[in-house]
Amino acid sequence: MKTRDRIIQASLELFNEQGERNVTTNHIASHLGISPGNLYYHFKNKQQIIFDIYLVYEKQVDIHLTVPTDRPLVINDKLIYLQQIFQGLWDYRFLHRDLQHLLQNDDELRKRYNTFFKRCLNATQNIYFGLRDSGMLKASDEELRALALNTWILVTSWFGFIHSNLLVEDGQEESRELLNAGIYQIFAMERPYLTEEFREPVAHLAAQLGQSLEQMAVLPS
């Protein structure tokens with residue numbers, strides 16, 4: 001693996017495990033066993049490392065939100081979309097854990113993320129329109145656009161939510177169970193729009209993927 005790629009991979013691991021604010025370029029260089037000068041040859045500062053990590057994440061999300069054009073969406077597509085998006089949340093969780101801070105400290109990243117958000121929102125709307133066309137959902141265009149926005153807000157703020165509400169305290173790690181609870185919440189938002197034919201299959205799918213925070217006894221029922 002090239003040194004630049006090793007720096008990106010090691011930085012992502014350290015940012016996820018320790019928090020971006022707690023990791024310096026010296027920490028990254030030491031972790032890799034290279035000199036700070038070698039690191040600075042590839043990246044002028046930590047901000048540039050974060051930006052390049054973000055570009056990798058952005059590319060993955062764009063691929064995952066693609067809607068097939070040669071066939072209608074099926075219930076398994078819904079499962080794949082959610083699993084891929086939440087896997088991305090897990091793999092790049094430092095980005096979502098402290099997104100506002102990162103955007104405030106990098107104008108270029110903020111502009112790039114704003115364009116990315118609009119593109120993702122449009123893709124999410126298209127997914128919901130596709131689910132409606134397949135007979136899974138019954139809702140107006142306005143309702144589906146609102147559902148798409150609420151879904152994206154939930155996805156991108158989920159790690160911030162579990163931290164700000166002390167579901168994960170300082171020094172503790174996020175769990176996949178808490179992550180899957182976010183998927184469950186998306187199913188809950190979609191439930192009023194499910195057609196009768198798909199209510200039971202989707203409920204079964206939701207039960208397989210995870211539990212609500214109330215069911216996990218994290219929040220009062």
Inset, instruction - Could you check if a side-chain atom of Met1 sits within less than 4.5 angstrom of a side-chain atom of Gln9, using non-hydrogen atoms only? - result: yes

Inset, instruction - Establish, from distance only, whether the side-chain atoms of Tyr40 and Ser35 form a donor-acceptor pair under 3.5 Å. - result: no

Inset, instruction - Classify the angle between the aromatic ring planes of Phe159 and Trp90 as parallel (below 30°), tilted (30 to 60°) or perpendicular (above 60°). - result: tilted

Inset, instruction - For the residue pair Phe15 and Phe94, categorise the inter-ring angle as parallel (less than 30°), tilted (30 to 60°) or perpendicular (more than 60°). - result: tilted

Legend entry - Pair Lys111 + Glu108: basic N to acidic O under 4.0 Å: no

Inset, instruction - State whether a side-chain donor-acceptor pair under 3.5 Å links Asp91 with Gln87. - result: yes

Legend entry - By side-chain hydrogen bond (donor to acceptor under 3.5 Å, both in side chains) - contacts of Ser140 (at least two apart): Glu143

Legend entry - His204 ring center within less than 6.0 Å of Phe198 ring center: no

Legend entry - Flag side-chain contact, heavy atom, 4.5 Å: Leu147 against Trp152: no

Legend entry - Within-4.5 Å side-chain heavy-atom neighbours: Glu190 and Tyr128: yes

Inset, instruction - Would you please name every residue forming a side-chain hydrogen bond (donor to acceptor under 3.5 Å, both in side chains) with His27, sequence neighbours left out? - result: Thr24

Inset, instruction - Report yes if some heavy atom in the side chain of Phe43 is under 4.5 Å from a heavy atom in the side chain of Phe51; otherwise report no. - result: no

Legend entry - Arg71/Asp77 ion pair, N-O < 4.0 Å: yes

Inset, instruction - Compare all side-chain heavy atoms of Tyr54 with those of Tyr92 and state whether any distance is below 4.5 angstrom. - result: no

